[in-house]
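Okay, so here's the structure we're looking at.
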Amino acid sequence: MKAIIVDDEKHVREGLMLLADWSRFGIKTIMEAVDGNEAVKLITEHRPEIIFTDMRMPKRDGISLLKWIHSSDISSKTIVVSGYDDFEYMRNAICYKSFDYILKPIDPEILNETLERAITEWNQQTYPGKPQQDDCGEKNVMQQIEEFLLESYNKDINLQEIADRFYLSREYISRKFKQEYQATITDFITNIRMEKAKELLQNPKLKIYEIAFRVGYQDEKYFSKVFKKTAGISPNEYRSSLI
């Protein structure tokens with residue numbers, strides 16, 4: 001993911017660079033612009049997902065930039081960072097669909113919380129072939145993750161891969177997924193694998209090691225250990241119980 005910081009004050013740009021937890025949110029490229037004109041060029045060329053902008057700037061101010069973004073086919077999330085608790089600025093930020101309005105001096109906690117919400121909403125609106133309901137974005141993202149796990153349970157999936165795929169932090173995914181499904185992602189995958197294994201054990205022609213491999217385990221002994229822990233009996237005992 002990419003982000004751009006648009007502000008004529010260098011210390012503000014540097015402050016945002018230091019305070020935002022970019023790597024946590026999968027943002028690897030952070031650009032800078034000193035005014036709206038420079039921002040337009042960079043945004044047009046690089047299409048950053050997140051745009052931070054000041055309101056008072058020379059040449060082209062924040063309102064003009066927001067208006068341009070709003071009229072363009074750009075799906076970026078714009079976050080206004082301003083030193084002015086000004087009604088006119090806020091009215092324009094709302095009018096041109098800015099995601100949020102943060103006041104200077106910047107509170108790191110507020111900044112990162114806002115950034116996390118913006119990325120979640122951006123992901124929900126732009127992820128190919130998925131629902132685009134802003135009012136329940138978090139839930140839909142978790143549903144997308146659930147679908148991904150159901151499709152990929154037999155692969156070697158880790159939390160970082162999921163975070164990269166859905167443009168969210170590992171911490172956010174872990175917390176929200178557990179809230180939604182009352183289980184960790186690891187436990188959720190294990191449960192899927194065990195249910196699939198029970199289905200496959202109904203086929204007497206399949207060897208235990210074949211079943212283990214089909215549900216994502218390279219080691220038959222480890223698979224049997226996990227199966228017994230969850231089912232209370234070994235795979236062979238479970239198969240015998242079906243007869």
Side-chain angles (χ1 to χ4, degrees), residues 1-128 132 134 137 141 163-169 172:
M1 294 187 82
K2 300 175 185 176
I4 185 171
I5 301 168
V6 189
D7 200 301
D8 60 316
E9 297 180 278
K10 185 178 180 181
H11 73 275
V12 174
R13 299 196 306 273
E14 290 176 343
L16 276 167
M17 291 283 284
L18 290 170
L19 295 175
D21 195 351
W22 305 107
S23 59
R24 173 184 163 196
F25 303 117
I27 297 174
K28 298 177 180 178
T29 303
I30 306 104
M31 295 164 281
E32 297 179 53
V34 298
D35 58 54
N37 285 337
E38 188 177 351
V40 167
K41 293 177 183 177
L42 288 170
I43 292 167
T44 301
E45 182 179 353
H46 298 283
R47 298 283 175 148
E49 288 83 358
I50 302 296
I51 300 170
F52 286 99
T53 183
D54 188 17
M55 291 301 258
R56 287 193 183 181
M57 295 180 291
K59 297 181 181 178
R60 189 171 197 161
D61 64 11
I63 294 174
S64 176
L65 179 60
L66 289 174
K67 187 175 181 180
W68 174 80
I69 293 168
H70 182 63
S71 63
S72 305
D73 62 336
I74 293 171
S75 61
S76 309
K77 291 297 171 185
T78 308
I79 301 169
V80 172
V81 181
S82 175
Y84 302 92
D85 189 0
D86 183 281
F87 173 76
E88 188 64 20
Y89 284 161
M90 289 186 177
R91 187 184 69 80
N92 276 282
I94 293 169
C95 177
Y96 296 121
K97 309 298 182 184
S98 176
F99 180 77
D100 211 335
Y101 194 106
I102 299 176
L103 287 172
K104 301 173 185 176
I106 301 162
D107 182 318
E109 189 173 336
I110 292 174
L111 171 65
N112 284 297
E113 188 270 335
T114 303
L115 185 54
E116 184 170 64
R117 286 190 295 107
I119 291 171
T120 299
E121 188 170 299
W122 176 87
N123 175 69
Q124 178 56 37
Q125 290 178 333
T126 60
Y127 195 78
Q132 298 183 6
D134 298 341
V141 170
D164 291 342
R165 184 182 183 90
F166 290 92
Y167 303 104
L168 296 168
S169 70
Y172 178 86

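Position 1 is the first residue of the sequence, and the numbers go up from there.
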After noting the C-alpha distance and the side-chain angles of Arg56 and Asp61, does the key distance pass the side chain to side chain contact (heavy atoms under 4.5 Å, CB included) rule?
CA-CA 5 Å; Arg56 287 193 183 181; Asp61 64 11; over 6 Å; no
If you look only at distance, which donor and acceptor atoms sit under 3.5 Å apart when one is on a side chain in residues 36-44 and the other is two or more places apart or in another chain?
{"residue": "Glu38", "atom": "OE1", "partner": "Val34", "partner atom": "N", "Å": "3.2"}
{"residue": "Thr44", "atom": "OG1", "partner": "Val40", "partner atom": "O", "Å": "2.7"}

First locate atom CH2 of Trp122, then atom CD1 of Ile50, and finally report the distance between them rounded to the nearest 0.5 Å.
8.5 Å
What verdict does the side chain to side chain contact (heavy atoms under 4.5 Å, CB included) test give for Tyr89 and Tyr101, after you've listed the backbone C-alpha separation in whole Å, the side-chain angles of each residue and the deciding distance to 0.1 Å?
CA-CA 9 Å; Tyr89 284 161; Tyr101 194 106; 3.3 Å; yes
Looking only at non-hydrogen atoms, find the nearest pair between Pro48 and Met31 and report the distance.
CB-CE, 3.9 Å
Nearest non-hydrogen partners of Met1 and Phe25, listed with the distance
SD-O, 3.9 Å
Can you confirm whether more than 12 heavy atoms, excluding those of Glu88, are under 6.0 Å from its CD atom?
yes
Just so I know, are the side chains of Leu65 and Tyr96 near enough to count as touching, which here means a heavy-atom distance under 4.5 Å?
no
Can you tell which of Ile30, Leu111, Val80, Thr114 makes a side-chain contact (heavy atoms from CB on, under 4.5 Å) with Phe52?
Leu111
Whether the side chain of Glu49 engages the backbone of Ser76 through a donor-acceptor N/O pair (distance < 3.5 Å, no angle test) should be reported.
no
Show the atom names and distances, to 0.1 Å, of all donor-acceptor pairs under 3.5 Å that link a side chain in residues 3-20 to residues at least two apart or in another chain.
{"residue": "Asp7", "atom": "OD1", "partner": "Glu9", "partner atom": "N", "Å": "2.8"}
{"residue": "Asp7", "atom": "OD2", "partner": "Lys104", "partner atom": "NZ", "Å": "3.0"}
{"residue": "Arg13", "atom": "NE", "partner": "Glu32", "partner atom": "OE1", "Å": "2.8"}
{"residue": "Arg13", "atom": "NH1", "partner": "Asp7", "partner atom": "O", "Å": "2.8"}

With salt bridge (charged side-chain N to carboxylate O under 4.0 Å, His left out) as the criterion, how do Arg117 and Glu121 come out once you've worked through the C-alpha distance, each side chain's angles and the decisive distance to 0.1 Å?
CA-CA 6 Å; Arg117 286 190 295 107; Glu121 188 170 299; over 6 Å; no
Hey, is the main chain of Ser98 close enough, under 3.5 Å, to the side chain of Thr78 for a donor-acceptor pair?
no
Is there a side chain to side chain contact (heavy atoms under 4.5 Å, CB included) between Ile74 and Trp68? Walk through the geometry before answering.
CA-CA 10 Å; Ile74 293 171; Trp68 174 80; 3.5 Å; yes
Find the distance between CG (Asn112) and CG (Asp107) and round it off to the nearest 0.5 Å.
9.5 Å
Can you tell me how far CD1 of Ile119 sits from CD1 of Ile27, rounded to the nearest 0.5 angstrom?
4.0 Å
At what distance, to the nearest 0.5 angstrom, does NZ of Lys77 lie from CG of Asn123?
11.0 Å
In terms of heavy-atom contacts, Gly62 and Thr53 come closest through CA-OG1, 4.2 Å
Working to the nearest 0.5 angstrom, can you tell me the gap between Leu115 CG and Ile110 CD1?
13.5 Å
Atom pair CG (Leu66) and CE (Met55), whose distance is rounded to the nearest 0.5 Å:
5.0 Å
